[in-house]
A.B. asks: 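Pasting a structure below so you can have a look.
Keep in mind the model is a prediction, meaning the values are calculated, not measured.
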Amino acid sequence: MNSAKKTKRAGEGAATLLMVAPATLVFVVMLVVPVGLAIYLSLTDWDGYSAQPKIIGAANYTHLFSDPEIRRATFVTLLVAVAGTIGMNLLGLGFAVLVNGTSRVNRFLRVVLFYPHVLSALVVGFLWSAILGTTGAVNSLLTAHGGSVLPFLSDPTWALITMIAVLVWAGFGVNVVLYLAGLQAVPRSLVEAARIDGATRWQVFRHVTLPALGPVVTINIVLSLVTLLKTYDLVVSLTAGGPAGQTQTIAYLILWNSFHDNKLGFGSAQSVVLMIVTGILALAVTRMRRRGEMAVYS
């Protein structure tokens, strides 16, 4: 009897391993191996062409933390991530509330709001560059009617604001979809009970709907933050890091240093640091949001 149970358990264990093996293999090949390779290359001086990378230890990291260009790119990346995350979530929640219905108009608006996210970030960048560039559609209209050219992409401050605005426009559709799912999961009985007690629409939203959306808010903030910290493709097509490098993000510099300057070791060191910082920020935001949710319900 015991041998039969052991045989059964062994069979179940083997079946479990067989089912887990494909996912584990994909995880190792697609994540563990690339991360390990990046960590190794970050300790080398390699141009991507020589046969053998030269081990230089932590020199790339020392250079990274003392490079003024990296510091500027770090500031730009954090500004883009924070401002973009706030903008995406405010717009996403606001529009989700507006189109939270079953009418044909609401269904059409949902498609329109989500559509920018379907476009490639490179396409979005080229599109808005053609609209807001010095010789773009907006400035052409302004000059044709006697106005002056607005430096959307030629002034450092304007370019940074424009880039953040385009990122928010291109990405907040996902937030709308997730907030809509959260709104439709809010118990109707709680909303009706609050209204019966005389609560206004704002009070219902503030004290019933918003607390119920806590987990969705956490997911949206983390997804937006992680996505924006990795921004590079829209930078390439919209500003190319200009003017004068004022819109360069860390991800953009990683690609530039790795493939333009042929400094794959230095680029790998930047990517390792970016990966660690992204993970820390994601965990910190998740923990703070959970504490906030616990405070609301306690």
Side-chain angles (χ1 to χ4, degrees), residues 35 38 64-65 67-95 116-117 119-122 124-125 128 152-153 156-179 213-258 267-292:
V35 169
L64 189 155
F65 290 112
D67 191 333
E69 188 177 40
I70 298 293
R71 287 199 293 267
R72 183 176 64 234
T74 300
F75 170 75
V76 171
T77 302
L78 291 176
L79 181 61
V80 167
V82 173
T85 298
I86 293 172
M88 284 183 179
N89 282 276
L90 288 179
L91 285 177
L93 181 57
F95 278 105
H117 182 73
L119 300 175
S120 165
L122 286 172
V124 170
W128 282 101
F152 291 109
L153 302 176
T157 302
W158 280 68
L160 188 55
I161 294 173
T162 300
M163 186 173 74
I164 294 172
V166 173
L167 283 167
V168 171
W169 175 84
F172 84 98
V174 175
N175 301 84
V176 173
V177 172
L178 292 175
Y179 280 126
L213 289 176
V216 181
V217 172
T218 301
I219 292 171
N220 268 322
I221 290 176
V222 171
L223 288 178
S224 302
L225 187 65
V226 171
T227 300
L228 291 169
L229 285 172
K230 301 184 296 180
T231 299
Y232 76 93
D233 39 9
L234 190 135
V235 180
V236 171
S237 57
L238 183 64
T239 66
Q246 295 300 311
T247 58
Q248 290 179 337
T249 61
I250 289 294
Y252 178 86
L253 272 185
I254 290 173
L255 293 176
W256 183 267
N257 290 323
S258 298
S268 297
Q270 296 175 62
S271 65
V272 170
V273 173
L274 178 61
M275 177 182 63
I276 294 172
V277 171
T278 301
I280 292 173
L281 288 177
L283 289 174
V285 169
T286 303
R287 177 162 293 186
M288 286 189 296
R289 284 294 312 158
R290 285 179 178 174
R291 286 182 179 179

A.B. asks: Atom CZ in R72, atom CD in Q248: separation rounded to 0.5 Å?
C.D. replies: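 R72 atom CZ to Q248 atom CD measures 6.0 Å (nearest 0.5 Å).
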A.B. asks: Tell me the closest heavy-atom pair linking A38 and S268, and the distance in Å.
C.D. replies: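 Reported closest heavy-atom pair: O-CB, 3.5 Å.
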A.B. asks: Can a donor-acceptor pair be found, under 3.5 Å and without considering hydrogens, that links the side chain of Y232 to the backbone of L253?
C.D. replies: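 No, because the side chain of Y232 does not come within donor-acceptor range (under 3.5 Å) of the backbone of L253.
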A.B. asks: Is there a side-chain contact between Q246 and V76 (heavy atoms, below 4.5 Å)?
C.D. replies: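 Of all side-chain heavy-atom pairs linking V76 with Q246, none is under 4.5 Å.
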A.B. asks: Are the side chains of V226 and K230 in touch, meaning some heavy atoms are under 4.5 Å apart?
C.D. replies: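 The answer is yes; the side chains approach within 4.5 Å.
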A.B. asks: Atom CG of N257 and atom CG of L64: how far apart are they, to the nearest 0.5 Å?
C.D. replies: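 So the CG of N257 and the CG of L64 are separated by 9.0 Å.
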A.B. asks: Taking all atoms of both residues into account, what is the closest heavy-atom pair of G267 and S258, and its distance?
C.D. replies: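 Between these two residues, the closest heavy atoms are CA-OG, 3.4 Å.
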A.B. asks: What closest approach, in Å, do S237 and A121 show between heavy atoms, and which atom pair accounts for it?
C.D. replies: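 Smallest heavy-atom distance, with atoms named: OG-O, 3.6 Å.
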A.B. asks: So, taking the atom named CH2 in W169 and the one named CG in L234, what distance separates them when rounded to the nearest 0.5 Å?
C.D. replies: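 Taking CH2 in W169 and CG in L234, the distance rounds to 10.0 Å.
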A.B. asks: Using modelled atom types only, decide if a donor and an acceptor are shared between the side chain of T218 and the backbone of G214 within a distance under 3.5 Å.
C.D. replies: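 Checked: pair present.
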A.B. asks: Identify the residue among N220, I221, I219 that makes a side-chain contact (heavy atoms from CB on, under 4.5 Å) with V217.
C.D. replies: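 Of the listed residues N220, I221, I219, the side-chain contact (heavy atoms from CB on, under 4.5 Å) partner of V217 is I221.
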A.B. asks: Name every donor-acceptor pair, under 3.5 Å, that has one atom in a side chain of residues 80-90 and the other anywhere in the protein, sequence neighbours excluded.
C.D. replies:
| unit_1 | atom_1 | unit_2 | atom_2 | d |
| --- | --- | --- | --- | --- |
| T85 | OG1 | A81 | O | 2.5 |
| N89 | OD1 | Y179 | OH | 2.8 |
| N89 | ND2 | T85 | O | 2.7 |

A.B. asks: I'd like to know if the side chain of T77 and the backbone of I250 have a donor-acceptor N/O pair within less than 3.5 Å.
C.D. replies: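 Yes; at least one donor-acceptor contact below 3.5 Å.
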A.B. asks: So, taking the atom named CG in L225 and the one named CG in L281, what distance separates them when rounded to the nearest 0.5 Å?
C.D. replies: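 Rounded to the nearest 0.5 Å, the CG-CG separation comes out at 5.5 Å.
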A.B. asks: Apply side chain to side chain contact (heavy atoms under 4.5 Å, CB included) to the pair L213 and L93, showing each step before the final yes or no.
C.D. replies: CA-CA 10 Å; L213 289 176; L93 181 57; 3.8 Å; yes
A.B. asks: Determine yes or no for a side-chain-to-main-chain donor-acceptor pair under 3.5 angstrom, with T247 supplying the side chain and A159 the backbone.
C.D. replies: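 Here the side-chain-to-backbone pair does not exist.
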A.B. asks: So, for L238 and M163, which heavy atoms are closest and what is the spacing to 0.1 Å?
C.D. replies: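 Here L238 and M163 meet closest at CD2-CA, 3.8 Å.
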A.B. asks: Hey, what do you get for CG (L78) to OG1 (T249), rounding to the nearest 0.5 Å?
C.D. replies: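 Nearest 0.5 Å value for the CG-OG1 distance: 11.0 Å.
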A.B. asks: Could you go step by step and tell me if V277 and T74 meet the side chain to side chain contact (heavy atoms under 4.5 Å, CB included) rule?
C.D. replies: CA-CA 11 Å; V277 171; T74 300; over 6 Å; no
A.B. asks: Would you say the side-chain atoms of T162 pair up with the backbone N or O of L153, donor to acceptor, closer than 3.5 Å?
C.D. replies: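 Side chain of T162 to backbone of L153: no pair is present.
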A.B. asks: Indicate the ring-plane relationship of F95 and F172, choosing parallel, tilted or perpendicular according to the 30° and 60° boundaries.
C.D. replies: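 F95 vs F172 ring planes: tilted.
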A.B. asks: How about L91 and N175: do any of their side-chain heavy atoms sit closer than 4.5 Å?
C.D. replies: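 No. Closest side-chain heavy atoms not under 4.5 Å.
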A.B. asks: Does any N or O in the side chain of T231 come within less than 3.5 Å of the main-chain N or O of L228, such that one atom is a donor and the other an acceptor?
C.D. replies: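 Confirmed, T231 side chain pairs with L228 backbone.
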